[in-house]
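Let me begin by presenting the structure, written as structure tokens, before commenting on it.
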Amino acid sequence: MRIPTRNGVGPSRVSLPVGPWPTVLDFLLERMPDISRDEWLQRFEDQLVLDESAQPVKATQAYTSRTKLYYYRHIANEPVLPEKASIVFEDDHLMVADKPHFMPVTPAGRYVQQSLLVQLKHLTGNDDLVPLHRIDRETAGLVMFGKRFSDRDAYHALFRDKEMHKVYQAVAAYNPALELPYTHTSRLQPDALFFKTQEVLGEPNSETRISLLKVEGTRALYQLEPISGKRHQLRVHMMALGLPLEGDQFYPTVLRGPDAEEDFSHPLQLLAKSVAFTDPVTGQAREFHSTMRLSIAL
């Protein structure tokens with residue numbers, strides 16, 4: 001049975017293993033200790049915890065292993081982001097949105113209703129929307145969404161088979177000694193800090209083409225074309241060249257963690273500027289451009 005979306009938010013699922021918990025509430029409190037008892041009780045009261053038949057579960061319900069629970073994320077006093085997303089393109093199969101800085105593509109951390117996916121579901125009334133790829137919360141620009149389940153594999157294949165031409169723009173220091181255009185390759189893997197990525201020795205698994213678009217004094221606007229799609233790839237590759245992006249709170253030094261208060265006045269200067277591809281469903285040539293701008297623009 002399909003569990004319905006509520007207030008633009010799809011349900012999260014948790015499987016119930018064999019264990020000693022007398023009630024479902026006892027299990028949830030141990031499994032997710034960051035959520036308080038009072039908050040869980042309120043979710044049960046608001047019928048935001050469901051069983052596999054989409055029926056509301058009571059906090060006192062006896063624990064039954066090898067079943068599943070569904071619950072809806074809710075953030076009390078969720079912060080409001082300074083900008084809203086906009087729709088760049090929409091047809092029967094595809095939606096392309098322009099995401100501002102600081103907005104997660106899907107509910108994450110302190111943002112649920114403010115996430116791009118939930119905003120678009122509210123705006124369009126389409127609960128079947130699914131992101132076809134992700135960009136960092138700190139990055140602005142284009143994000144593509146599938147509108148129909150039957151089309152998703154075809155669009156996902158564009159990214160998997162590297163048939164999607166993605167172009168980013170970024171602002172960093174200008175180094176006249178660096179010969180551009182340049183293609184940077186390296187091996188990327190997760191850092192000891194879970195929210196970071198690092199370069200290590202070994203067979204390259206990431207590739208970025210870098211070119212210079214404009215110089216303004218000691219700063220420059222760069223065009224970045226990722227061939228691969230590793231987490232934080234563009235940020236790490238630019239840092240490796242001695243050109244960390246302006247406004248980057250993680251590279252080269254962590255200035256604030258992922259859960260710290262936002263400084264909306266200093267967004268990361270990275271923009272997913274354009275995408276180009278042949279639509280696998282309609283066969284049409286597609287090219288879309290973000291209307292957002294960085295601190296240096298053409």
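Side-chain atoms are counted along with the backbone in the values below, which use heavy atoms only and exclude waters and symmetry mates.
Counting only distance, with no hydrogens or angles, the side chain of Q114 and the backbone of L81 share a donor-acceptor pair below 3.5 Å. In terms of modelled atom types and a separation under 3.5 Å, the side chain of E78 and the main chain of Q113 share a donor-acceptor contact. Between the side chain of S228 and the backbone N or O of E207 there is at least one donor-acceptor pair closer than 3.5 Å. Looking at K99, its side chain does come within 3.5 Å of a backbone N or O of R137 through a donor-acceptor pair. In this structure, the side chain of D161 does not engage the main chain of E163 through any donor-acceptor pair within 3.5 Å. Under a 3.5 Å cut-off, the side chain of R13 and the backbone N or O of Y70 do not form any donor-acceptor pair. Under a 3.5 Å cut-off, the side chain of T282 and the backbone N or O of Q284 do form a donor-acceptor pair.
Between Y63 and F27, the ring-plane angle classifies as tilted under the 30° and 60° cut-offs. In this structure, F277 and F288 have tilted ring planes: the angle between them lies in the 30° to 60° band. Using bins of under 30°, 30° to 60° and over 60° for the plane-to-plane angle, the ring pair F102/F264 lands in the perpendicular bin.
Note that CG of L28 and CD1 of I35 are 8.0 Å apart. Values are rounded to the nearest 0.5 Å. To the nearest 0.5 angstrom, K166 atom NZ is 9.0 Å from I227 atom CD1. Rounded to the nearest 0.5 angstrom, L48 CG and S12 OG are separated by 11.5 Å. The CD1 atom of I210 lies 7.5 Å from the CG atom of L178; values are rounded to the nearest 0.5 Å. Taking OH from Y71 and CG from L69, the interatomic distance works out to 10.0 Å, rounded to the nearest 0.5 Å. Atom-to-atom distance recorded for L213:CG and Q223:CD is 5.0 Å, nearest 0.5 angstrom.
The closest side-chain heavy-atom distance from F145 to L132 is not below 4.5 Å. At least one side-chain heavy atom of M292 sits less than 4.5 Å from a side-chain heavy atom of P100. With a 4.5 Å cut-off on side-chain heavy atoms, Y222 and L180 count as touching. For the pair D136 and H232, the minimum side-chain heavy-atom distance is below 4.5 Å. The shortest side-chain heavy-atom distance between N175 and L243 falls under the 4.5 Å cut-off. Here the side chains of L271 and S290 are in contact, with some heavy-atom distance below 4.5 Å. Between M95 and L129, some side-chain heavy-atom pair lies under the 4.5 Å cut-off. Considering only heavy atoms from C-beta on, Y72 stays 4.5 Å or farther from T5 through its side chain.
R37 forms no cation-pi arrangement with W40, by the criterion of a distance under 6.0 Å to the ring centre and an angle within 45° of the ring axis.
V118 and S115 get closest at one heavy-atom pair: CG2-OG, 3.3 Å. Considering all non-hydrogen atoms of both residues, A172 and P244 come closest at CB-O, 3.6 Å. In this structure, V24 and A59 approach most closely via the heavy-atom pair CG2-O, 3.9 Å. Pairing each heavy atom of T60 with each of T23, the nearest pair is O-CG2, 3.8 Å.
Ionic pairing of R235 and D248 is present here: one or more N-O contacts between side-chain nitrogen and carboxylate oxygen are shorter than 4.0 angstrom. By the 4.0 Å N-to-carboxylate-O rule, E261 lies close enough to R110 to be salt-bridged with it.
Transitive grouping of hydrophobic side chains (ILVMFWY, heavy atoms separated by less than 4.5 Å) brings L94 and V88 into a common cluster. Taken together through direct or relayed side-chain contacts under 4.5 Å among Ile, Leu, Val, Met, Phe, Trp and Tyr, V143 and L117 form part of one hydrophobic cluster. Criterion: ILVMFWY side-chain heavy atoms under 4.5 Å apart, direct or through other members. Under it, L16 and M32 are part of a common hydrophobic cluster. By the rule that hydrophobic residues join a cluster once side-chain heavy atoms approach within less than 4.5 Å of another member, L255 and Y251 end up as members of separate clusters. Under the 4.5 Å side-chain heavy-atom criterion for Ile, Leu, Val, Met, Phe, Trp and Tyr, L224 and L221 are members of distinct hydrophobic clusters.
D279 and Y155 share a side-chain donor-acceptor pair at under 3.5 Å. The closest side-chain donor-acceptor pair between Q269 and S295 falls under 3.5 angstrom. Using modelled atom types and a 3.5 Å distance limit, the side chains of D38 and S36 yield no donor-acceptor pair. Using modelled atom types and a 3.5 Å distance limit, the side chains of E225 and H165 yield a donor-acceptor pair. Remark: the T208 side chain and the Q233 side chain contain an N/O donor-acceptor pair separated by less than 3.5 Å. Judged by distance alone, the side chains of T197 and D191 never bring a donor and an acceptor atom under 3.5 Å apart. A donor and an acceptor atom, one from each side chain of H101 and T139, are nowhere located under 3.5 Å apart. For the residue pair H237 / S206, a side-chain donor-acceptor distance below 3.5 Å is found, with atom types taken as modelled.
The one candidate from R148, R286, K147 that meets the salt bridge (Lys or Arg N to Asp or Glu O under 4.0 Å) condition with D91 is R286.
The 12-atom threshold is not exceeded at CG of D153, counting heavy atoms of other residues, nucleotides or ligands nearer than 6.0 Å. For Q189, the CD atom is densely surrounded, since the number of other residues' heavy atoms within 6.0 Å is greater than 12. Surrounding NE2 of H122 are more than 12 heavy atoms belonging to other residues, nucleotides or ligands, all under 6.0 Å away. Within 6.0 Å of the CZ atom in R256, the count of heavy atoms belonging to other residues, nucleotides or ligands exceeds 12. Within a 6.0 Å sphere centred on CD of E179, heavy atoms belonging to other residues, nucleotides or ligands number 12 at most. Heavy atoms from other residues, nucleotides or ligands lying under 6.0 Å from CZ of R209 number 12 at most.
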CA sep, side-chain torsions, deciding dist, call: L50, Q55, side chain to side chain contact (heavy atoms under 4.5 Å, CB included): CA-CA 5 Å; L50 308 178; Q55 296 302 305; over 6 Å; no
Verdict with reasoning, I296 to L294, per side chain to side chain contact (heavy atoms under 4.5 Å, CB included): CA-CA 5 Å; I296 298 178; L294 299 177; 5.7 Å; no
Check against side-chain hydrogen bond (donor to acceptor under 3.5 Å, both in side chains), E199 and S186: CA-CA 6 Å; E199 285 192 332; S186 69; 2.6 Å; yes
Side chain to side chain contact (heavy atoms under 4.5 Å, CB included) between E287 and V275, worked out: CA-CA 6 Å; E287 185 168 354; V275 293; over 6 Å; no
Audit row: R43, E45, salt bridge (Lys or Arg N to Asp or Glu O under 4.0 Å) steps and yes/no: CA-CA 5 Å; R43 290 189 188 185; E45 179 70 22; over 6 Å; no
